[in-house]
Peer 1: 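Sending over a structure as structure tokens; questions will come in a sec.
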2 protein chains.
Amino acid sequence: MVNFIGFNQILIIICMTEKEQNTEERILIAAKQVFLRKGMAGARMQEIANEAGINKSLLHYYYRSKDKLFLAVFRLAIQNFLPEIKSILLSDVLVTEKIDRFVEGYMNVLLNNPFVPLFILQEIQRDPDRLLNIFLEEGIQPQLILEQFERAVQKGEIKAVDPKHLLINILSLCIFPIVARPMMQRMLYDNDSDAYNEFLRERKKVVSEFVKNAIKK
Amino acid sequence: MVNFIGFNQILIIICMTEKEQNTEERILIAAKQVFLRKGMAGARMQEIANEAGINKSLLHYYYRSKDKLFLAVFRLAIQNFLPEIKSILLSDVLVTEKIDRFVEGYMNVLLNNPFVPLFILQEIQRDPDRLLNIFLEEGIQPQLILEQFERAVQKGEIKAVDPKHLLINILSLCIFPIVARPMMQRMLYDNDSDAYNEFLRERKKVVSEFVKNAIKK
DNA sequence: TATATTTTTGACCAAATGGTTAAACTTTAT
DNA sequence: ATAAAGTTTAACCATTTGGTCAAAAATATA
């Protein structure tokens with residue numbers, strides 16, 4: 001008998017869109033879709049299985065429980081943000097230039113992962129201690145930014161502001177318009193998605209200017 | 001036989017903390033507690049009944065379904081914010097003074113209702129059309145603020161800024177630190193609640209200055 | 001090719017959950 | 001005091017839901 005395994009594998013590779021990647025990865029992607037939109041409490045294992053186009057039992061075969069699968073998604077969500085942020089924070093430029101880059105880069109990541117922030121805020125409210133620990137494990141270090149602001153103040157590059165307030169200001173201005181998009185797009189732009197996208201594009205400059213204006217001596 | 005009804009009522013009045021107000025109201029208060037913290041998907045009818053100290057059937061007796069009870073809570077949450085905001089917006093003072101008052105008043109309401117914003121953002125993401133309609137029914141008019149900003153620009157009171165960006169900036173700076181409190185209090189203040197309260201107090205001034213600095217000519 | 005191992009599936013289960021109902025209890029009206 | 005109306009309760013119900021299991025299918029190994 002002829003061995004069709006190789007042929008099948010070739011088929012699989014060709015039809016990547018349908019049977020793309022291994023099952024474990026497909027589950028994770030489907031779980032991300034569902035968990036990010038519905039949260040832990042609103043997500044259904046069956047819906048994740050449907051989204052992945054596989055049998056529900058496979059979710060447990062690969063991830064054991066809903067909680068474990070959720071944790072994998074939570075980690076993934078964090079990892080979507082970390083690299084971009086770290087590379088900017090570690091770059092060696094003036095603090096004002098760094099703020100420009102941060103706002104630009106951070107808002108880009110937010111636009112590509114619009115469901116992540118509300119998801120994270122929601123879930124941290126539900127189970128703060130455990131999930132904040134995961135943040136630490138994934139290597140989030142707000143201290144890093146705060147120190148940079150402090151040094152910039154000492155060196156006289158910027159006005160003497162509380163670095164914590166400055167950090168929260170920047171995060172607020174970037175994150176809120178994404179988190180509140182379903183509300184604001186309807187209230188301010190008659191639910192015109194293109195118009196709100198344009199608004200968010202403008203916003204990169206607006207936020208940069210807004211922040212820099214507040215810290216220039 | 002002696003009529004004990006009057007005596008019972010007196011007891012009820014005395015023990016207001018225990019049997020306070022009528023059942024319908026007690027249910028609404030309990031439902032608010034649970035829905036605001038857990039959201040529609042995470043809330044349990046039994047938990048609400050326990051919180052109210054009554055039988056679960058009474059929830060359905062007074063509010064028919066979980067969905068109806070949720071809607072009542074959603075309306076209530078909006079109403080907690082409206083009066084304060086409206087009174088400030090309608091006051092006849094300079095735009096800079098109005099921003100001061102708005103930030104002060106809005107952040108006070110937020111501190112008294114810290115779970116409302118995340119709750120609303122979460123639920124609007126789940127069912128945007130229906131819930132945004134409720135917002136309109138309750139009389140939210142962002143147009144009101146936008147027009148005031150526009151007029152202030154025309155009269156030359158403030159720099160020519162896009163009123164929508166200005167509005168989102170103010171809302172962001174006020175709302176985000178409350179919504180992200182479970183996260184930020186831990187990351188920036190070692191979970192010291194008093195320290196974060198102090199941070200939020202300072203913030204009223206910081207935000208006011210931050211915003212006014214961005215719009216002064 | 002035959003055998004062991006891994007992957008996938010459908011049937012099933014127990015607990016949880018929103019909701020119903022009839023009876024008991026309380027209050028009001030007559 | 002009695003009947004009527006309103007309120008409260010416990011027992012139930014149907015469905016949903018996370019999870020299990022044994023058998024089937026596919027794959028790897030010998």
Side-chain angles (χ1 to χ4, degrees), chain A residues 1-13 15 18-28 30-31 34-35 37-74 123 126-127, chain B residues 1-13 15 18-31 34-35 37-73 123 126-127:
Chain A
M1 242 225 262
V2 188
N3 184 357
F4 280 104
I5 294 176
F7 182 60
N8 279 339
Q9 286 177 334
I10 290 172
L11 270 184
I12 288 172
I13 291 168
C15 304
E18 188 117 324
K19 194 87 181 178
E20 64 188 318
Q21 302 179 16
N22 57 73
T23 308
E24 195 170 345
E25 184 109 4
R26 287 180 66 191
I27 291 176
L28 195 60
V34 176
F35 274 127
R37 284 165 176 75
K38 310 271 182 89
M40 174 66 166
R44 296 290 165 255
M45 295 296 268
Q46 187 59 59
E47 190 182 348
I48 294 171
N50 294 344
E51 177 79 28
I54 49 115
N55 189 287
K56 181 164 73 88
S57 297
L58 283 181
L59 304 184
H60 295 98
Y61 179 77
Y62 284 103
Y63 291 91
R64 297 193 55 91
S65 68
K66 185 183 183 184
D67 186 66
K68 295 253 174 46
L69 182 52
F70 165 79
L71 284 182
V73 169
F74 192 82
E123 299 306 329
R126 185 177 57 87
D127 189 0
Chain B
M1 238 221 266
V2 187
N3 184 356
F4 280 104
I5 292 174
F7 181 60
N8 279 339
Q9 286 177 334
I10 290 171
L11 271 183
I12 288 171
I13 291 169
C15 304
E18 186 118 323
K19 193 89 179 176
E20 68 187 315
Q21 300 179 20
N22 57 74
T23 307
E24 195 171 344
E25 183 110 2
R26 287 180 66 189
I27 291 176
L28 194 60
I29 291 170
V34 176
F35 274 126
R37 284 167 176 74
K38 310 270 182 91
M40 174 65 166
R44 296 291 166 254
M45 294 296 269
Q46 187 60 58
E47 191 182 348
I48 294 172
N50 293 345
E51 177 79 29
I54 48 116
N55 188 285
K56 180 164 73 87
S57 298
L58 283 181
L59 304 184
H60 295 98
Y61 179 78
Y62 285 103
Y63 291 92
R64 297 193 53 91
S65 68
K66 186 184 183 185
D67 185 67
K68 295 254 174 47
L69 182 52
F70 164 79
L71 285 183
V73 169
E123 300 307 328
R126 183 176 58 87
D127 188 1

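Below, read A as the first sequence line, B as the second, and so on, with proteins coming before strands; counting in each chain starts at 1.
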Peer 1: Round to a whole Å and report the spacing from OH of A:Y63 to P of C:dT7.
Peer 2: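 Checked: the OH to P distance equals 13 Å.
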Peer 1: Roughly how many Å is it from CD1 in B:I48 to P in C:dT17, rounded to a whole number?
Peer 2: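 Value for this atom pair: 12 Å.
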Peer 1: Check B:L58 against B:I27 and note the closest heavy-atom contact, atom names and distance.
Peer 2: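 Here B:L58 and B:I27 meet closest at O-CD1, 3.7 Å.
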Peer 1: Could you run down the sub-3.5 Å N/O contacts of the protein with nucleotides 10-14 of chain D?
Peer 2:
unit_1	atom_1	unit_2	atom_2	d
D:dA10	OP2	B:N55	ND2	3.4
D:dA10	N7	B:N55	ND2	3.3
D:dA10	N6	B:S57	OG	2.4

Peer 1: Please work out if A:Y62 contacts a base, only the sugar-phosphate, or nothing of the nucleic acid, heavy-atom cut-off 4.0 Å.
Peer 2: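 The residue A:Y62 makes sugar-phosphate contact but no base contact.
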Peer 1: Check the distance between D:dT8's P and B:H60's NE2 and give it to me in whole angstrom.
Peer 2: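 So the two atoms are 16 Å apart, to the nearest Å.
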Peer 1: Which pair of heavy atoms, one from A:M40 and one from A:E123, lies closest together, and at what distance?
Peer 2: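 Smallest interatomic distance, heavy atoms only, reads N-OE2, 2.9 Å.
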Peer 1: I'd like to know if the side chain of A:S65 pairs up with that of A:D67 as donor and acceptor (distance under 3.5 Å, no hydrogens or angles considered).
Peer 2: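 No, no side-chain donor-acceptor pair sits under 3.5 Å.
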Peer 1: Send over the distance from B:K66 NZ to C:dA16 C1', rounded to a whole Å.
Peer 2: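 So the NZ-C1' distance, B:K66 to C:dA16, works out to 12 Å.
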Peer 1: Show the numbers, then the answer: is there a side-chain contact (heavy atoms from CB on, under 4.5 Å) between B:R44 and B:K66?
Peer 2: CA-CA 9 Å; B:R44 296 291 166 254; B:K66 186 184 183 185; 3.9 Å; yes
Peer 1: side-chain contact (heavy atoms from CB on, under 4.5 Å) for B:Y61 and B:N55? Distances and angles first, verdict last.
Peer 2: CA-CA 10 Å; B:Y61 179 78; B:N55 188 285; over 6 Å; no
Peer 1: Answer yes or no: does a side-chain N or O of B:R44 lie under 4.0 Å from OP1 or OP2 of C:dG18?
Peer 2: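 Yes, within the criterion.
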Peer 1: Would you classify A:A43 as touching base, sugar-phosphate or nothing, given that sugar-phosphate means primed atoms plus P, OP1 and OP2, and contacts are heavy atoms under 4.0 Å?
Peer 2: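 Since only primed, P, OP1 and OP2 atoms lie under 4.0 Å of A:A43, the category is sugar-phosphate.
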Peer 1: Could you grab the distance from atom OH of A:Y63 to atom CG of A:L28, nearest 0.5 Å is fine?
Peer 2: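 So the OH of A:Y63 and the CG of A:L28 are separated by 4.0 Å.
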Peer 1: Grab the two heavy atoms, one from A:E51 and one from A:A30, that are nearest each other, plus how far apart they are.
Peer 2: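 Heavy-atom minimum between the residues: CG-CB, 3.5 Å.
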Peer 1: Rounded off to whole Å, could you give me the CZ-to-P distance for the B:R64 and C:dT21 pair?
Peer 2: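 It works out to 11 Å between those atoms.
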Peer 1: I need the CD-P distance between B:Q46 and C:dA15, as an integer number of Å.
Peer 2: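 Rounded to the whole Å, the gap is 17 Å.
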Peer 1: Starting from C1' on D:dT8, measure out to OH on B:Y61 and report it in whole angstrom.
Peer 2: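 To the nearest whole Å, that distance equals 9 Å.
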Peer 1: Expressed in angstrom and rounded to an integer, what is the separation of A:L58 atom CG from D:dG19 atom C1'?
Peer 2: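 It is 14 Å, rounded to the nearest whole Å.
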Peer 1: OP1 or OP2 of C:dT7 sitting under 4.0 Å from any side-chain N/O of A:T23?
Peer 2: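 Indeed not, no polar side-chain atom of A:T23 lies that close.
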